[in-house]
Asks: 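What follows is a single structure, and I will ask about it in a moment.
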Amino acid sequence: MSDSTAPRNNFIRELVVEDVETNRFGRPLTTRFPPEPNGFLHIGHAKSICLNFGLARDFNGKVNLRFDDTNPATEDIKYVEAIKDDVRWLGFEWNEEHYASDYFEQLYEIAERLVSKGKAYVDSQNEEQIREGRGTVIAPGTPSPYRNRSVEENLDLLRRMRAGEFPDGAHVLRARIDMAHPNMIMRDPLLLRIRHAHHYRRGDAWCIYPLYDFAHGLSDAIEGITRSLCTLEFKDSRDIYDWLVREAGFENPPIQIEFARLEIDYTVLSKRKLLRLVNEGFVAGWDDPRMPTLAGLRRRGVTPEAIRNFADTIGVARKPARVELPTFEHAVRDDLNMRVPRVMAVLKPLKIVLTNYPEDEVEELDAPYYPHDVPLEGSRKVPFSREIYIERDDFMEDPPKKFFRLAPGREVRLRYAYLITCQSVVKNDAGEIVELQCTYDPATRGGDAPDGRRVQGTIHWVSAARGVDAEVRLYDKLFSVPDPEADDADFTTSLNAESLVVVEGAKVEPSVLADPIGSKYQFERTGYFVKDQDSAPDRPVFNRTVTLRDSWAKMKV
Ligand code: ATP
Ligand code: MG
């Protein structure tokens, strides 16, 4: 699906159409993408970004990038920068950039207002007492002994909390709602807690920090958001969201809608878990090409268009559903197929000597970059010489019937070059095949025999004289089971030990040497690859983005 096709409808779009038609909020559609800067964005976030930015674009609305940075312990400016880079890379630009930490003053004022109205109180129980007092889903909670403090006492304590008079945990500010509420979140939720901690943006200006539920909805309301789109795990938070924006006095406050988060087979989409993979050294970093992060996918060779098309294909629904890996890989292949040049690389080289080809001759053969069904033009010269490499797997000494590649006495076509026939097999002392002696037919330049004889197979190759040594990194599924979070065992126990296979001695045609880092190719018959940042000028490194098709493993003879 191209970007020009109309966006797919979904239940959120339908609500937004109605908002716009009835002018429900008295202001243009305004959405936001609200990451906490405690990790890199992953493809699940991309789904949310495409939704929020897509709606703003399609309904002439606004979209803010807001960092929900209310936890001084985990947040960092490096994540802010990475998140901004990733959103832009994905192809989106925000209208306004905000930080929940810029609203600490406003949130504090709201807190005082709630106290003054008798809607919030300072609780001096400890964490455990508060948890116990909350009750269970079947039993109502018990009111805190501090619940009926006077407004004056509460205000005094709150001001002293802010002034830094108390140690961490001495008091908290709680909303005063209903200790028997069927939604446990509404049983006097915590609003502010004491944390004598340095915040990456606010420094030491604050020693009380808002809880997520307190900051999130009110930040939306302060920014004039109309639809606050979030994932299903926040469903139970909607009651407190509505209570807070109402009690704080916002007119036409934002309305929260929940949708199903993206889950993809063979990976995890949780920043906390991805952070563990990074910190515990299971991957090389946030941009390891096996990671489902946008930085990882970028380095893997996936394009922003592929991710946007994928988001469009999976759509937005209320019900959770896992996406199978082939759905994602299909979007990646579909996009690369139409845009990247085809070149030749041999991953596991087997040397061929063309015994009837002149010793020192090198000829340059024309090779188009694109197949006929890709509407792009271009070609390069590929050097051909007496010694070439083919894939080891493209030769069998004792082939089964359906093996249409090279074998003793058999003739195959070398792509863009000549027909060759295998005359003899050279082995070392250990009995391993080290070389094939073949002859070529000079009359078949370009690949066709003037006498009309046919060959069954066409294989790719690289000139030994002119080919370039390359490192090829074959990436595969990060986990060996579809749902690494399914059972009680730690998710790291199901990491796929073969998720990265490094091929050191690959050979690639010289045309790719001059290409910049990030250049993408189809290596003919092998897969899609991207030139990695670890490349040296004379020794490129390529990452496999995706195989040519998912049945590739089965096709290998
Ligand atoms: P994680 O669980 O990965 O840490 P998060 O929700 O805690 O994700 P945030 O930075 O708070 O991370 O998320 C920013 C936004 O992205 C939120 O609105 C959240 O709902 C959305 N989001 C996060 N993960 C997914 C996902 N897998 N699919 C769709 N949206 C997601
Ligand atoms: Mg979260």
Side-chain angles (χ1 to χ4, degrees), residues 10 12 30-56 63-71 73-76 78-84 86-87 90 92 94 97-101 210-217 219-220 223 225 227-238 241 254-279 286 291-297 307-308 310-323 327-328 483-485 491:
N10 59 53
I12 295 178
T30 308
T31 59
R32 84 289 170 268
F33 174 65
E36 187 185 351
N38 60 356
F40 278 51
L41 297 183
H42 54 63
I43 190 160
H45 295 115
K47 171 178 177 173
S48 174
I49 293 169
C50 289
L51 176 64
N52 280 290
F53 284 74
L55 287 170
V63 52
N64 295 346
L65 176 61
R66 182 180 69 246
F67 293 95
D68 265 348
D69 53 354
T70 55
N71 182 355
T74 54
E75 296 159 4
D76 197 298
K78 74 175 183 224
Y79 296 128
V80 170
E81 297 305 329
I83 288 169
K84 288 176 13 177
D86 284 347
V87 174
L90 202 52
F92 296 107
W94 48 94
E97 181 176 322
H98 292 295
Y99 295 80
S101 58
L211 275 289
Y212 178 85
D213 279 335
F214 182 46
H216 184 75
S219 299
D220 283 348
E223 289 173 24
I225 303 303
R227 289 288 181 172
S228 174
L229 311 178
C230 66
T231 36
L232 284 172
E233 67 269 26
F234 296 104
K235 202 175 174 104
D236 287 345
S237 293
R238 203 198 308 155
Y241 188 107
I255 300 177
Q256 174 176 311
I257 321 176
E258 307 89 20
F259 63 95
R261 61 189 292 122
L262 173 64
E263 301 286 353
I264 305 186
D265 282 352
Y266 297 102
T267 194
V268 292
L269 294 181
S270 143
K271 277 187 293 189
R272 198 168 42 84
K273 289 185 174 151
L274 296 174
L275 180 65
R276 275 196 57 200
L277 294 180
V278 172
N279 284 347
W286 284 102
M291 291 280 271
T293 51
L294 297 185
L297 293 168
I307 295 174
R308 297 203 302 263
F310 170 68
D312 209 36
T313 307
I314 57 172
V316 175
R318 277 183 234 257
K319 274 211 351 228
R322 293 185 73 82
V323 175
T327 308
F328 177 66
D483 184 359
E485 293 155 301
F491 72 104

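Just so you know, these numbers come straight off a predicted model, no measurement behind them. In listed order, ligands and their atoms are each counted from 1.
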Asks: What are the two closest heavy atoms between Ala260 and Lys47, and how far apart are they?
Replies: O-NZ, 2.8 Å
Asks: Heavy atom to atom 28 (N) of ligand 1, shortest distance: which of Leu262, Val268, Ile314 holds it?
Replies: Leu262
Asks: Nearest to atom 20 (O) of ligand 1 by heavy atom, Val316, Leu275, Ile264, Thr231: which?
Replies: Thr231
Asks: Does any non-hydrogen side-chain atom of Phe53 lie less than 4.5 Å from one of Val87?
Replies: yes
Asks: Give the atoms of ligand 1, by number and element, whose distance to some non-hydrogen atom of Leu269 is under 4.0 Å.
Replies: 3 (O)
Asks: Is His42 close enough to touch ligand 1? Criterion: a residue heavy atom under 4.0 Å from a ligand atom.
Replies: yes
Asks: What's the shortest heavy-atom distance between Ile225 and Arg32, and which atoms?
Replies: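 Nearest pair, atom of Ile225 first, then Arg32: CD1-CB, 3.7 Å.
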Asks: Nearest to atom 14 (C) of ligand 1 by heavy atom, Pro35, Ser270, Pro37: which?
Replies: Pro35
Asks: Does a donor on one side chain and an acceptor on the other come within less than 3.5 Å for Ser270 and Glu485?
Replies: no
Asks: For atom 6 (O) of ligand 1, tell me which residue out of Lys271, Glu233, Lys273 has the closest non-hydrogen atom.
Replies: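 Minimum heavy-atom distance to atom 6 (O) of ligand 1 goes to Glu233.
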Asks: Should Leu277 and Phe491 count as side-chain neighbours, where that means a heavy-atom distance under 4.5 Å?
Replies: yes
